[in-house]
Amino acid sequence: QVQLVESGGGLVQAGGSLRLSCAPSGRPVSSLAMGWFRQAPGKERECVAAISRSGGSIFYANFVKGRFTISRDSAKNTVFLQMNSLKPEDTAVFYCAADSSTLYTKVFVRTAEYDYWGQGTQVTVSS
């Protein structure tokens, strides 16, 4: 069983930055494929960014390309989502997800592909 502990959400003005962190307990981050999703009120949960178990394959949703960066620090056993140039439409609850797939280089972008989920952290961007 993997528990994901998220942190880093908050309130920021448009154009500002936040960094989200996700630490999986019980497993090294290098043994997991990880992803960040977001869900705004009344909308479906969508993938923002994802990183393969190898760390060598990364996915970004078009709406965050050039603004968000997903990274992994094995020494800290943490995955980060650096969010820059935030927009009011980025306001959502952000979730960290993990999968223990044996597909080493695959990135997963669908919610059904992930086994474990964090509790979510609110990101609010004011205009």
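Remember, predicted model here, so these are calculated numbers, not experimental data. Sequential numbering from 1 along the given sequence is applied to the chain's residues.
- With contacts defined as side-chain heavy-atom distances shorter than 4.5 Å, the pair E89/V125 does not qualify.
- In terms of hydrophobic clustering, with Ile, Leu, Val, Met, Phe, Trp and Tyr side chains grouped at heavy-atom distances under 4.5 Å, L18 and F63 are assigned to a common cluster.
- D115 places none of its side-chain heavy atoms less than 4.5 Å from the side chain of V2.
- Under the rule for a side-chain hydrogen bond (donor to acceptor under 3.5 Å, both in side chains), the partners of K65 that lie at least two apart in sequence or sit in another chain are N62.
- The line from CD1 of I51 to OG of S71 is 7.0 Å long, rounded to the nearest 0.5 Å.
- E6 places a side-chain N or O within 3.5 Å of a backbone atom of G120 that can act as its donor or acceptor partner.
- Scanning both residues, Q82 and N84, for their nearest heavy atoms gives NE2-OD1, 2.9 Å.
- Transitive grouping of hydrophobic side chains (ILVMFWY, heavy atoms separated by less than 4.5 Å) keeps L81 and V93 in distinct clusters.
- Linking ILVMFWY side-chain heavy atoms closer than 4.5 Å, directly or via other members, places F108 and I58 in two distinct hydrophobic clusters.
- Rounded to the nearest 0.5 angstrom, R27 CZ and L32 CG are separated by 5.0 Å.
- If you chain together hydrophobic residues whose side chains sit under 4.5 Å apart, F37 and V5 never meet in one group.
- Counting heavy atoms from C-beta outward, C96 and W36 have side chains that approach closer than 4.5 Å.
- Of all the heavy atoms in S30 and R72, the pair that sits closest is CA-NH1, 3.8 Å.
- A donor-acceptor contact shorter than 3.5 Å is absent between the side chain of S101 and the backbone of D99.
- The distance from atom OH of Y95 to atom OH of Y114, rounded to the nearest 0.5 Å, is 15.5 Å.
- Using a 4.5 Å heavy-atom cutoff, the side chains of M83 and D90 are not in contact.
- In terms of heavy atoms, A14 sits closest to S127 at CB-CA, 4.4 Å.
- The minimum heavy-atom distance between T124 and Q122, with the atom names listed, is OG1-NE2, 3.3 Å.
- Within the model, atoms CZ of R38 and CZ of R45 stand 13.0 Å from one another, a figure rounded to the nearest 0.5 Å.
- For the pair L86 and F68, the minimum side-chain heavy-atom distance is below 4.5 Å.
- Alongside V109, the hydrophobic cluster contains F59, V107 (criterion: ILVMFWY side chains under 4.5 Å).
- Looking at V29 and T78, their side chains never come closer than 4.5 Å, going by heavy atoms from C-beta outward.
- The heavy-atom pair separating N77 from P24 by the smallest distance is ND2-O, 3.0 Å.
- What you find for A50 and C47 is that their closest heavy atoms are CB-SG, 4.2 Å.
- K106 places none of its side-chain heavy atoms less than 4.5 Å from the side chain of S57.
- In this structure the side chain of Y60 never reaches within 4.5 angstrom of the side chain of R67, judged on heavy atoms.
- By the 6.0 Å and 45° rule, R19 stacks over the aromatic ring of F80.
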